[in-house]
Amino acid sequence: QARSTMVSPSKPGKGFRRQSETVLLISEDCFKCTDEKGEKGPLPPSGTSVGLTVTTIVVALFAIEHIVRHIIATYFQHLSTSLEVEQNRQILARHIGVDTFSCIIVACWGISNMSSISELLRHVLGLPSNISSGAAPFKPDDIDSRLYTYRPCAFRILLFFLAYQIKNLYDTIVWADGPEFIFHHILASATAVAAMHSSVGHYYCIFFMGISETSTGILCLLANFDEHHGVIGLEQDFPLTRLVVAAFFVVSFIAIRVIVWPIYARWFWMDVSKAIKRNSETDTPLKKKLLRCTSMTCAGLSALQVLWLGEIFRLGYAELQKSI
């Protein structure tokens, strides 16, 4: 079973399930469990429930991909000669029905729980606390709350994120995307599993594996127009659509990954550094190892943001040169 590493479990609320129950985890309430005596909670759901739900989501993503491909063939094939090719319809179905859909799901769940992590952003920007949102005032020294507290909303995001990475790994192998993509999906899956199993970093998972995926979802739509990863000829048939999607991607990328990302990444590294250096019973050797690994992963991804920003400017300049 998944374990909880909450510093001080609170009294469970009304209607919490027993952790040992096997259920399909659909709503966020399903992720609020108690021990057998009903005394401690919220605790994460059982490993059996997690496995059942992940399997169901993966199967559902296969089904959604098939449905999207059928819809394109039935209702949109006449719009472009590119869509008359079955392989092109498969590419669109993958990018829309699996990639964009999955990213938007976790992004929406992250955004819906933004209030639980927005106080950090307000603190950094020098804004007053938003007490009306129900969020607790930000406490810079409360690293246990940010690093070790089990959060049902974060576990829900991580679970769907894991299922998506499993499907994505399968697609990457089938479509021969390349070893770097295989490595990314395996690393992302391992990170999600570690966070689910240990409850480490749930506070930050809401942003990094939830909200930040907004720009990724839009990028997956934009990928359809790429001549290497998308459908050849689609850019010529729908130039305005491509331009609009590209504009939304640039705005979302800069807002989320260039401006907000560094703020949460910096505080995550600061919290990890303090946790590793201090002598506390809460910081077990296993937790410190997980923190070091996730910190390095975050550093690598943060470096990629800089490279991707440079690529955006390069492509934007190339597009501008074409229009002149």
Side-chain angles (χ1 to χ4, degrees), residues 2 24-26 31 44-45 47-66 68 90-91 93-111 113 151-202 204-223 229 256-257 261 290 293-302 304-305 308:
L24 190 62
L25 307 170
I26 300 175
F31 296 85
T48 306
S49 295
V50 170
L52 173 64
T53 306
V54 168
T55 302
T56 302
I57 293 173
V58 172
V59 172
L61 290 176
F62 274 102
I64 292 171
E65 182 181 18
H66 180 78
V68 171
Q90 292 175 350
I91 293 173
R94 175 192 175 187
H95 288 160
I96 297 173
V98 178
D99 297 332
T100 299
F101 173 77
S102 298
C103 289
I104 294 303
I105 286 292
V106 294
C108 286
W109 288 347
I111 292 170
N113 287 280
R151 298 174 185 271
C153 59
F155 196 102
R156 188 188 190 195
I157 291 171
L158 287 163
L159 185 144
F160 198 101
F161 183 85
L162 172 62
Y164 166 53
Q165 292 302 326
I166 293 173
K167 175 64 169 71
N168 217 357
L169 177 61
Y170 170 85
D171 290 339
T172 295
I173 295 172
V174 170
W175 289 92
D177 290 340
E180 67 275 17
F181 290 97
I182 293 177
F183 175 76
H184 170 272
H185 302 326
I186 292 176
L187 179 61
S189 299
T191 303
V193 170
M196 291 166 64
H197 181 69
S198 65
S199 296
V200 167
H202 277 198
Y204 293 101
C205 287
I206 295 173
F207 174 77
F208 288 117
M209 293 179 174
I211 297 170
S212 70
E213 291 301 296
T214 302
S215 59
T216 308
I218 301 174
L219 177 62
C220 292
L221 282 179
L222 188 60
H229 301 287
I256 297 173
R257 293 182 176 262
W261 179 292
L290 288 174
C293 291
T294 53
S295 181
M296 289 188 292
T297 301
C298 183
L301 290 173
S302 298
L304 282 177
Q305 312 308 313
W308 288 335

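Please read these numbers as outputs of a predicted model, since none were measured by experiment.
Trp261 has its side chain out of reach of Ile256: every pair of non-hydrogen atoms, C-beta onward, lies at least 4.5 Å apart. Residues Leu162 and Leu158 form no side-chain contact, since every pair of their non-hydrogen atoms from C-beta on lies 4.5 Å or further apart. The closest side-chain heavy-atom distance from Leu221 to His95 is not below 4.5 Å. Side chains of Phe208 and Glu213 form no contact here, defined as non-hydrogen atoms less than 4.5 Å apart. Arg151 is not listed as a side-chain neighbour of Phe31, based on a closest heavy-atom distance of 4.5 Å or more. Residues Met209 and Val106 fail the side-chain proximity criterion, which asks for heavy atoms closer than 4.5 Å.
For the pair Ile91 and His229, the tightest heavy-atom approach, listed with the atom from each and the gap, is CG2-O, 3.9 Å. Here the closest heavy-atom approach between residue Ala163 and residue Val58 is recorded as O-CG2, 3.6 Å. Across every non-hydrogen atom of Glu65 and Lys167, the tightest pair is OE1-NZ, 2.8 Å. Annotation for Ala195 and His202: closest pair O-NE2, 2.9 Å, computed over non-hydrogen atoms. Taking both residues in full, the closest heavy atoms of Ile206 and Ala154 are given as CG1-CB, 3.9 Å, listed atom of the first, atom of the second, then distance. Considering all non-hydrogen atoms of both residues, Gly97 and Leu61 come closest at O-CD2, 4.5 Å.
With hydrogens and angles disregarded, no donor-acceptor distance shorter than 3.5 Å links the side chain of Thr172 to the backbone of Ile182. Side-chain atoms of Ser102 never come within 3.5 Å of backbone atoms of Asp99 as a donor-acceptor pair (strictly under, hydrogens ignored). Remark: the backbone N or O of Phe207 is paired with a side-chain donor or acceptor of Ser212 at under 3.5 angstrom. Of the possible donor and acceptor atoms, one in the side chain of Thr191 sits under 3.5 Å from a partner among the backbone N and O of Leu187. A donor-acceptor contact shorter than 3.5 Å is absent between the side chain of Asp177 and the backbone of Ile173.
Remark: Cys205 SG to Ile157 CD1 distance equals 8.5 Å, nearest 0.5 Å. Of the inter-residue distances, the one linking Thr100 atom OG1 with Leu222 atom CG reads 10.0 Å to the nearest 0.5 angstrom. Taking OG1 of Thr297 as the reference point, atom CG of Leu290 lies at 10.5 Å (rounded to 0.5 Å). Residue Leu24 holds its CG atom at 4.5 Å from OG1 of Thr56, rounded to the nearest 0.5 Å. Within the model, atoms CZ of Arg156 and CD1 of Ile26 stand 9.5 Å from one another, a figure rounded to the nearest 0.5 Å.
A side-chain contact (heavy atoms from CB on, under 4.5 Å) with Arg94 is found for one member of Val174, Val68, Asn168 and no other, namely Asn168.
Within a 6.0 Å radius of OH in Tyr170, no more than 12 heavy atoms belonging to other residues, nucleotides or ligands are found.
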Task: Chi angles and distances behind the side chain to side chain contact (heavy atoms under 4.5 Å, CB included) call for Phe155, Val50 - done: CA-CA 10 Å; Phe155 196 102; Val50 170; 3.8 Å; yes
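A cation-pi arrangement, defined by a distance under 6.0 Å to the six-membered ring centre and an angle within 45 degrees of its axis, is absent between Arg257 and Trp308.
Between Tyr164 and Phe101, the ring center distance fails the sub-6.0 Å criterion.
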